[in-house]
Structure formats: C-alpha cells, structure tokens
Amino acid sequence: MRWSRTFIPTLRDDPADAVAASHRLLIRGGFIRQLMAGSYSMLPLGMRVATKVSDIIREEMNAIGGQEFLAPVVHPAELWKKTGRWDDVEGIMVKLEDRRGADLVLALTHEEVFAHLASELNSYRELPQLWYHLQTKFRDEARPKSGLLRVREFIMKDSYSLDIGPDGLDVQFEAHRGAYDRIFARLGLDSIQVEASSGNMGGSDSVEFVVRSDTGEDRVALCGNCGYAANLERAVSEPDQVRDEPWEGPPLPFPTPGVRTIAALTAMGRFAAARRQIKTLAYYVGDEFTLLVLRGDHDLEVQKVVDSVAGVVRPATEGEIVKRLGAHPGSLGAVGVEYPVIADPALRGRSNMVTGANEDDVHLRGVDVARDLPVARWLDMRSVREGEACLSCPSGSLSLSRVIEVGHIFKLGRRYSEALGATVLDESGRPAPIVMGSYGIGVGRSMAAVVEVSHDGRGIIWPLAVAPFTVVITLLRPDNPVVAEAGETLYRDLDSAGIEVLLDDRNERPGVKFADAELVGIPYRLTIGPRGIEAGEAELAARDGSLTESLPLDQVVERLAALVS
RNA sequence: CGGGCUGUGGCGCAGCUUGGCAGCGCGCCUGCUUUGGGAGCAGGAGGUCGUCGGUUCAAAUCCGACCAGCCCGACCA
C-alpha cells in the first residue's frame with residue numbers, strides 16, 4: 001500500500017489521557033481510536049495487526065481440530081435464563097429489548113449459544129467436537145482502562161470442546177494448552193501458565209495464560225525453584241511460623257480506647273504485634289452472616305471464599321455488623337459468637353492471641369483459637385505474600401509479579417449442557433449431558449500485550465508475525481524521478497515476491513518519515529534517497545536495531561525474502 | 001460503586017483567580033523556497049469553550065444540576 005493513500009493518522013504528541021505504553025503508542029501510531037469508555041475502532045493499521053493475530057489463532061485452532069463458526073452477538077434472554085446467568089452476572093450484562101418487548105442480551109461470552117447448538121448432537125459417536133469462533137463480546141465493565149488492555153467491547157476467540165466424558169475433556173484441555181503456548185510464542189509473547197480461579201464460569205480446573213508486565217492488573221505468585229505459578233486469587237504458600245508465649249486462664253478483656261485498626265492495636269505492646277492478633281471480618285456468605293478470621297498481618301483473598309461456596313459473598317455493612325455483634329468494625333472478634341466462623345489455617349493451634357471483644361474500645365488477650373473460637377470450617381483464604389515458602393517444593397520461595405491475562409482455559413463440565421439440554425445417547429443408549437470446556441483469547445488484549453513488551457522510546461517494535469507490514473520503503477525525495485522510479489520498482493518487486501510492503505511516498509521531510517516509520521514499528525525499513533541511488537544502493541535497517549546495511553537495489557528482494565523466511 | 005482530577009479547533013495546552021474581542025504551539029489548505037532525522041517565509045481554513053439551567057447589561061470565566069473521559073481503589077468470565 002501507499003502511505004499517501006492510507007489512513008494512518010499518527011500524532012506527534014502523546015494523547016494526554018493515555019498512560020499505558022500500548023495505549024499511548026497504538027493511538028499515536030494511528031492503529032486505534034476511542035469511541036467511548038472501553039470501546040475502540042480499529043483503524044487500517046490496527047486492523048492489519050488484529051487480522052494477523054486472528055489468523056495465527058485460527059491456524060493453531062484448526063491444527064487441533066477446531067471448526068470455525070460465527071455465532072451472533074445478540075442473544076435471546078431465554079438461553080441465559082436457562083443457565084441462570086441472566087441473574088448471576090447482572091452488572092456487566094447489557095440487556096436490551098426488541099420491538100416486541102422480548103428480552104435480549106449482548107453476548108458476554110458464548111457458552112449458552114454453543115451449548116444450544118450442541119443440543120442437535122444425538123450420539124456419543126459424533127463426539128468429540130471442537131467448535132470456535134472469533135466474535136465480539138460486550139461486558140459493561142465498571143472500569144475500562146489502559147486502551148485495549150481492558151475494554152468493554154472486544155473480539156475474543158472462544159472455543160468450546162464437547163466430549164462424552166471427563167477423559168475426553170482432559171484431552172481437549174491439554175490440546176488447548178499446547179495450542180495456546182504455540183499461539184503466544186508466535187505472537188512473540190513469553191506466556192506463563194498459572195492456576196486460576198474459575199470465577200462465575202463454574203467448572204473445575206482453569207488455567208490462565210499471562211504475560212509479565214507492570215501494566216497488568218492481575219497478580220501472580222511464581223516459584224523460582226519449581227515453577228509453581230498461580231493467580232493470587234488461587235495461590236497458596238507456607239506462612240512464616242509464630243511461636244506463642246504461654247498464657248494461663250481464659251481470655252482477659254482490656255481497654256483499648258479509640259483503637260479501630262490492627263496497626264493501632266499493635267501500639268499496645270509486643271503482645272499485640274499484628275501476627276499475634278486475630279483479624280475478624282464480617283461477611284454474608286450465601287445468606288448467612290459469617291465471621292472470617294485470619295492472622296492480623298494477613299490479608300483476605302476474597303475470591304478464595306467465593307470459589308468455595310455456592311452463593312454470593314459480600315461484606316456486611318456497618319449497620320448489619322452493629323446489629324449482629326453489638327460493636328463497630330475495629331472491635332470485632334469471634335470468641336464465643338453464635339455465628340458461623342470460617343478460619344484461615346494459619347491460625348491453627350495458635351494461642352495467647354489478641355482480638356476484638358465485640359464491645360467498642362475493648363479487646364481480649366490470651367485467646368486460644370482451638371479453645372475459644374467456634375470454628376465451623378477451616379479454609380485457606382489468605383492472600384500470599386512475597387517471599388513466603390512454596391508449598392510445591394522444599395526450598396523455593398514465591399515472588400509476586402504483575403501480569404496481563406491474555407488467555408484462559410476452563411473445564412466447564414456439564415453445567416451448560418444440562419441447562420440447555422445438550423445431551424447425546426451414550427454407549428448404553430442412555431441420554432448423557434455433554435462434557436464441555438471453554439477456552440478464550442482476547443485478540444485486542446494480545447495485541448496490546450505485544451506492544452507492552454516490545455516498544456522503545458521511539459515507538460512500537462512489532463514482531464514480524466504480527467507487524468502491519470514487513471517493510472516500509474522510505475522515499476527521501478519522492479519528487480526526484482530517479483528516486484521515485486527506484487522506489488516504485490522495489491515496491492512492485494517486493495509485492496510480487498509476497499512481501500508486505502508499505503511505500504512511504506508522502507511528500508514529507510526525511511525526519512518526519514523516519515519518525516513515523518519507527519513509531520508504527522514496521523520491522524524493516526528500506527531507505528531510498530538520492531545519495532544511495534547514485535551508487536545503485538538502498539539502505540536496509542531493522543526496527544529492533546539488529547541490522548543496518550547498504551545493498552545493491554537488485555539484491556533487495558532476495559535479501560528481505562531471506563530475512564523473513 | 002467510593003475517592004481524586006479533567007472537559008476550550010484534529011493533537012497538546014493557555015485563558016477562569018478578579019465576568020468585557022476566544023488565543024498559542026503542532027497539525028491542516030494555497031504559494032514560493034527547502035529536503036539523509038519532526039524545515040522557513042507569506043497567506044488562509046477550522047471552535048455550539050462537554051450539556052442544560054441560573055445569576056448578570058454582559059458568562060469559557062460565577063452558581064447549580066447533569067453528561068463524558070482519565071487516574072487510584074472496590075469489582076472483573
């Protein structure tokens with residue numbers, strides 16, 4: 001294509017409200033434009049990248065037996081009511097009505113539709129199946145941010161595996177694991193697989209594919225020794241041990257005027273160090289008022305609680321707390337309460353601890369967890385911390401990293417097939433719900449992740465596989481007939497050699513053209529100007545700085561073909 | 001949803017305190033000169049100052065409400 005005839009609106013200045021590098025550079029480079037919060041148009045350059053990402057995904061999905069579909073974006077509410085998600089995911093679901101007043105849903109994902117399609121399968125003999133599409137999702141996120149990294153409308157590749165039993169699901173799950181590894185490697189991303197929470201999707205195993213980046217909003221724990229990797233929502237570790245000092249007798253109340261925080265309580269003395277306190281949090285777990293207790297210096301990872309129960313989990317309001325416990329947050333405790341108590345295992349066996357007395361301005365010391373707390377259930381619900389010991393190997397310790405989640409694979413099981421009647425007859429002739437898996441990759445987010453990990457002060461550095469063009473011909477003097485002719489010839493020759501080439505034929509000064517070529521990040525640049533042309537040469541430079549050379553014009557096509565093969 | 005900030009031409013911003021001609025840089029158009037790292041000169045186009053309402057002789061500026069966007073947090077398939 002010719003730059004002069006292509007809509008590539010590069011900006012000289014950074015957009016003021018873009019912070020993340022990918023956000024800044026994709027806008028400045030003329031790849032995307034924002035329409036509203038969390039909603040972007042792909043411009044021609046962005047679309048070329050998105051298409052390459054999509055094509056890589058297609059190739060790898062097809063290679064593991066995927067069949068490409070295209071399911072609609074607007075769904076009848078009925079499907080979502082059948083699976084219960086019409087009510088469950090209220091909040092980010094956009095609901096519409098058509099002219100007859102029928103309820104409609106904008107697709108958040110496509111489990112319902114594909115399970116519905118799967119209901120046409122009749123026999124286990126037709127399984128396994130692997131169905132996928134690349135289609136728009138709309139999620140009305142509370143806080144879209146960072147350009148394409150977290151948006152409300154985006155294109156996702158989602159695939160759905162259909163099997164007669166869990167063994168088949170395992171096979172397809174592992175096939176996806178391999179395909180995703182290959183996809184991200186081809187995109188130039190160092191992806192890491194981490195154990196993850198399945199969230200509202202339901203189902204058992206789930207693995208996230210993440211890319212390390214400080215811009216990421218997910219956090220993972222990694223063991224440098226054994227390779228254990230888990231999302232913080234899921235990660236486990238061995239906390240440091242605390243040796244309790246002896247205490248004779250029952251808990252002893254003591255006055256703590258004005259003390260409302262763990263930190264304030266530690267000022268009472270060494271006996272009240274944070275690790276010697278019991279943190280008491282009041283939640284509604286399902287419909288039940290419940291106290292969650294942890295060591296004072298530990299933080300609650302609420303997703304672990306959510307994952308372990310069926311119903312909704314939410315913090316109790318201050319009013320509810322006062323009504324139930326007779327004290328305000330800051331003076332709460334679980335000693336002798338009549339409500340269910342869920343305790344973090346780091347409290348097991350602990351004694352001589354300090355906790356609230358459920359009376360404002362009063363705490364208790366000498367609390368023995370086993371003796372004094374009516375623990376109904378032990379649940380690891382602690383957020384792991386940097387440096388804690390790994391549980392998967394004897395000597396490793398965990399480090400925490402920020403990451404961008406680029407893919408997620410789930411074992412769904414029978415939830416959707418049961419709800420939507422996707423059953424087949426099994427070997428014995430009895431109806432059996434299909435066992436499903438679902439697997440997603442965000443196309444735009446993957447693009448943005450590539451930019452996050454591959455840019456410099458001048459702009460983007462696209463890997464060849466996803467670059468909008470392979471090479472840009474920078475004509476320094478397009479008004480010079482000799483230069484223009486050499487450029488046109490090269491342009492035609494490269495094009496017919498199947499090399500994607502952009503001809504910068506704009507009547508701009510050299511500095512502008514160099515700066516733009518670097519900003520948009522095309523991997524190779526051929527510079528053609530009067531100086532080189534006299535010697536019959538062009539200058540070839542790689543965007544990543546790995547190469548700068550002059551070569552005769554008639555060797556250019558061959559040289560580039562060799563470089564990109 | 002809570003907290004903070006911001007809305008003035010395509011982009012970046014000043015003007016608002018103390019009401020009185022809507023400005024600057026970049027970009028854009030025309031012409032001439034220039035051309036191996038974001039050119040110079042001359043001439044020009046382009047703005048409901050986020051929206052609605054109020055105060056006032058007069059509102060970008062003061063007051064109110066709303067909307068939108070960004071950042072932090074909560075949340076997140």
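Quick note on labels: first sequence line is chain A, next is B, and so on, each numbered from 1. When reading the values below, keep in mind they use all heavy atoms of this one structure, side chains included, and skip hydrogens, waters and symmetry mates.
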If only side-chain N and O atoms of [X] are considered, is one of them under 4.0 Å from the OP1 or OP2 phosphate oxygen of [N]?
X	N	result
A:Q34	B:rC70	yes
A:K145	B:rC72	yes
A:Q303	B:rC76	yes
A:R509	B:rG38	no

How is [X] classified with respect to the nucleic acid when contacts are heavy atoms under 4.0 Å: base, sugar-phosphate, or nothing?
X	answer
A:T474	nothing
A:G532	base
A:E233	nothing
A:R314	nothing
A:A16	sugar-phosphate
A:A37	sugar-phosphate
A:T10	nothing
A:D17	sugar-phosphate
A:R525	base
A:D479	base
A:P15	sugar-phosphate
A:V483	nothing

Measuring only the [atom1] atom in each nucleotide, how far is [N] from [M]? A whole number of Å is fine.
N	M	atom1	answer
B:rU51	B:rU8	P	10 Å
B:rC5	B:rA77	C1'	31 Å
B:rG73	B:rG54	P	41 Å
B:rC62	B:rC49	C1'	15 Å
B:rU34	B:rG7	P	44 Å
B:rU18	B:rU61	P	14 Å
B:rA68	B:rC28	C1'	27 Å
B:rU55	B:rC72	C1'	36 Å

message: Ignoring hydrogens and geometry beyond distance, is a side-chain donor-acceptor pair present between A:N231 and A:E195 at under 3.5 Å?
response: no
message: When you compare the side chains of A:R385 and A:S383, does any donor N or O come within less than 3.5 Å of an acceptor on the partner?
response: no
task: Find the distance between CE (A:M156) and CG (A:L134) and round it off to the nearest 0.5 Å.
output: 10.5 Å
[N] - base-pair partner by Watson-Crick or wobble geometry, distances under 3.5 Å:
N	value
B:rU30	B:rA42
B:rC62	B:rG54
B:rG23	B:rC13
B:rG73	B:rC1

Considering only [options], which nucleotide approaches the side chain of [X] most closely?
X	options	answer
A:L476	B:rC71, B:rG12, B:rG36	B:rG36
A:V19	B:rA77, B:rC71, B:rG37	B:rC71
A:E141	B:rC76, B:rG27, B:rG37	B:rC76
A:R458	B:rG37, B:rA74, B:rG36	B:rG37
A:F410	B:rA77, B:rC71, B:rG38	B:rA77

For residues [X] and [Y], establish whether the separation of their ring centroids is below 6.0 Å.
X	Y	value
A:Y160	A:W131	no
A:F410	A:H408	yes
A:Y416	A:F114	no
A:F31	A:W462	yes

- prompt: Between the base of B:rG37 and the side chain of A:E508, is there any donor-acceptor pair under 3.5 Å?
  reply: no
message: At less than 3.5 Å, do the side-chain atoms of A:R28 and the base atoms of B:rG12 form a donor-acceptor pair?
response: no
message: Can you tell me how the ring of A:Y40 sits relative to the ring of A:H23, calling it parallel under 30°, perpendicular over 60° and tilted otherwise?
response: perpendicular
statement: Of A:V302 and A:F514, the one whose closest nucleotide on RNA chain B sits nearer the 5' end is A:F514
query: Of A:R139 and A:V512, whose closest RNA chain B nucleotide lies nearer the 5' terminus?
result: A:V512
